[in-house]
Protein chains: 2
Amino acid sequence: MNISQAAAASGISAKMIRHYEAIGLIPPAGRTAAGYRAYTAREVRILAFIRRARALGFPLPEIRALLALWSDRDRHSADVKRLAVQHIEQLEAKARMLTELASTLRTLADACSGDARPDCPIIESLVSGERPA
Amino acid sequence: MNISQAAAASGISAKMIRHYEAIGLIPPAGRTAAGYRAYTAREVRILAFIRRARALGFPLPEIRALLALWSDRDRHSADVKRLAVQHIEQLEAKARMLTELASTLRTLADACSGDARPDCPIIESLVSGERPA
DNA sequence: CTTGACCTTCCCATGATGGGAAGCCCGATC
DNA sequence: GATCGGGCTTCCCATCATGGGAAGGTCAAG
């Protein structure tokens with residue numbers, strides 16, 4: 001299977017497949033006589049695994065660990081769970097931060113008349129650092 | 001005022017002040033005879049404005065627009081509000097996405113025994129793409 | 001045997017930030 | 001007035017994950 005077929009089958013772009021190989025996330029693919037990368041169904045499964053982990057928001061370093069756990073027959077599910085829970089906490093922390101920002105800004109926007117006049121609590125807050133009352 | 005003093009006064013690192021100048025977010029600072037950048041209180045106020053906008057999660061392109069609106073005496077508060085509301089929606093959309101990811105992953109993690117056995121719904125879901133029942 | 005689609009590697013860009021090197025400058029101390 | 005520590009300058013590189021594009025080799029169909 002050529003790289004573009006592996007890309008279509010796995011949902012990872014050819015560009016990224018090469019990149020993952022370059023950074024050692026996946027082992028180097030076999031090559032045809034002409035130097036084309038050749039992929040097996042097994043390798044496509046690995047790529048799809050990576051795609052699903054990315055879709056769950058795992059960064060590549062953590063995916064590296066997940067791949068290692070996947071291929072480790074003697075893994076402890078506790079190790080996988082710990083990784084996942086840690087990641088969940090990071091996702092939730094980021095979400096909370098964004099929600100807080102949005103709510104702060106929403107308060108400012110609600111106080112802004114949004115008409116043709118120049119006076120605007122949003123700008124004023126950025127200028128002074130104070131929240132309007 | 002030297003760049004490090006402007007940095008301390010504005011809360012923006014000297015590194016970033018130079019960067020903002022390089023990308024044209026702020027006009028080039030004046031220079032002393034020796035070539036050192038010199039900052040006035042006015043420029044520090046601009047930098048603090050940028051810092052506060054960043055703290056609210058505005059990306060630099062939007063901050064560019066906010067700076068233009070700030071210095072525009074004939075601005076319409078509606079323009080500021082539109083920018084802010086658009087940004088709020090982006091923040092909320094991102095937050096929703098992260099929350100969803102966390103909740104999906106939480107379901108998987110809850111189903112994982114987290115002990116010494118290798119069986120793990122998290123890994124299985126990444127392998128098959130199916131959520132365990 | 002040409003043509004078009006594919007493959008290869010290599011470089012560059014994103015967005016915001018930081019690290020670090022090489023070299024110049026300023027002020028204070030001896 | 002020489003020296004030294006710290007601050008300033010520019011320039012390059014790194015992050016994280018991804019994509020764009022160029023230059024050149026290869027394959028398959030007409």
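To find a chain, count down the sequence lines: A is the first, B the second, and so on, and within it residues start at 1. Predicted, not measured: the structure shown is a model, and the values here were computed from it. These values consider heavy atoms only, across backbone and side chains, with no hydrogens, waters or symmetry-generated copies.
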What are the two closest heavy atoms between B:Ala78 and A:Gly114, and how far apart are they?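 Between these two residues, the closest heavy atoms are CB-O, 3.3 Å.
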
Just wondering, do [Y] and [X] contact through their side chains at under 4.5 Å, heavy atoms?
X	Y	result
B:Met16	B:Ile50	no
B:Leu69	B:Leu83	yes
A:Leu56	A:Glu62	no
A:Arg64	A:Leu60	no
A:Pro118	B:Asp74	no
B:Leu108	B:Leu126	no

Flag, side chain of B:Arg18 to backbone of B:Ile3, donor-acceptor distance under 3.5 Å: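 Here the side-chain-to-backbone pair does not exist.
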
Under the 3.5 angstrom rule, does the side chain of B:Thr99 hit a backbone N or O of B:Ala95 as a donor-acceptor pair?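 Checking the backbone N and O of B:Ala95 against the side chain of B:Thr99, a donor-acceptor pair under 3.5 Å is found.
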
May I ask you to list the residues of [range], by number, that have any heavy atom positioned under 4.0 Å from an atom of DNA chain D?
range	result
residues 9-22 of chain A	A:Ser13, A:Lys15, A:Met16, A:His19, A:Tyr20
residues 88-101 of chain B	none
residues 44-69 of chain B	none

More than 12 heavy atoms of other residues, nucleotides or ligands under 6.0 Å from CD of A:Glu100: is that the case?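 Atom CD in A:Glu100 is not packed in, count stays at 12 or less.
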
Any carboxylate oxygen within less than 4.0 angstrom of a Lys/Arg side-chain nitrogen, looking at A:Arg117 and A:Asp119?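 Looking at A:Asp119 together with A:Arg117, the answer is no, because their closest N to O distance does not fall below 4.0 Å.
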
Using the closest heavy atom to pick a nucleotide of DNA chain C for each, name whichever of A:Tyr39 or B:Ala33 lands nearer the 5' end.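 Counting from the 5' end, the first nearest nucleotide belongs to A:Tyr39.
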
If you assign A:Ser4 and B:Ala34 each to the DNA chain C nucleotide with the nearest heavy atom, which residue ends up on the more 5' nucleotide?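 The residue whose closest nucleotide sits nearer the 5' end is A:Ser4.
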
Test ring-ring contact (aromatic ring centres under 6.0 Å, His included) applied to A:Tyr20 - qualifying residues, sequence neighbours left out: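 Scan of A:Tyr20 (ring-ring contact (aromatic ring centres under 6.0 Å, His included), adjacent residues dropped) gives none.
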
Round to a whole Å and report the spacing from [atom1] of [X] to [atom2] of [N].
X	N	atom1	atom2	result
B:Asn2	D:dT9	CG	C1'	12 Å
B:Tyr36	D:dC8	OH	C1'	4 Å
B:Ile23	C:dA16	CD1	C1'	9 Å
A:Leu25	D:dA17	CG	P	10 Å
A:Arg31	C:dC7	CZ	P	12 Å

For residues 42-60 of chain B, which residue pairs qualify under side chain to side chain donor-acceptor pair (under 3.5 Å), counting only residues two or more places apart or in two chains?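 Passing the test, one end in residues 42-60 of chain B: B:Thr40-B:Glu43.
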
Specify the angle, to 10°, made by the local axes at the two ends of the helix from C:dC1-D:dG30 to C:dC30-D:dG1 when five pairs are taken at each end.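 The end-segment axes of the helix from C:dC1-D:dG30 to C:dC30-D:dG1 are tilted 40° relative to each other.
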
Residue-phosphate contact under 4.0 Å: B:Arg37 side-chain N/O, D:dT10 OP1/OP2: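 Yes.
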
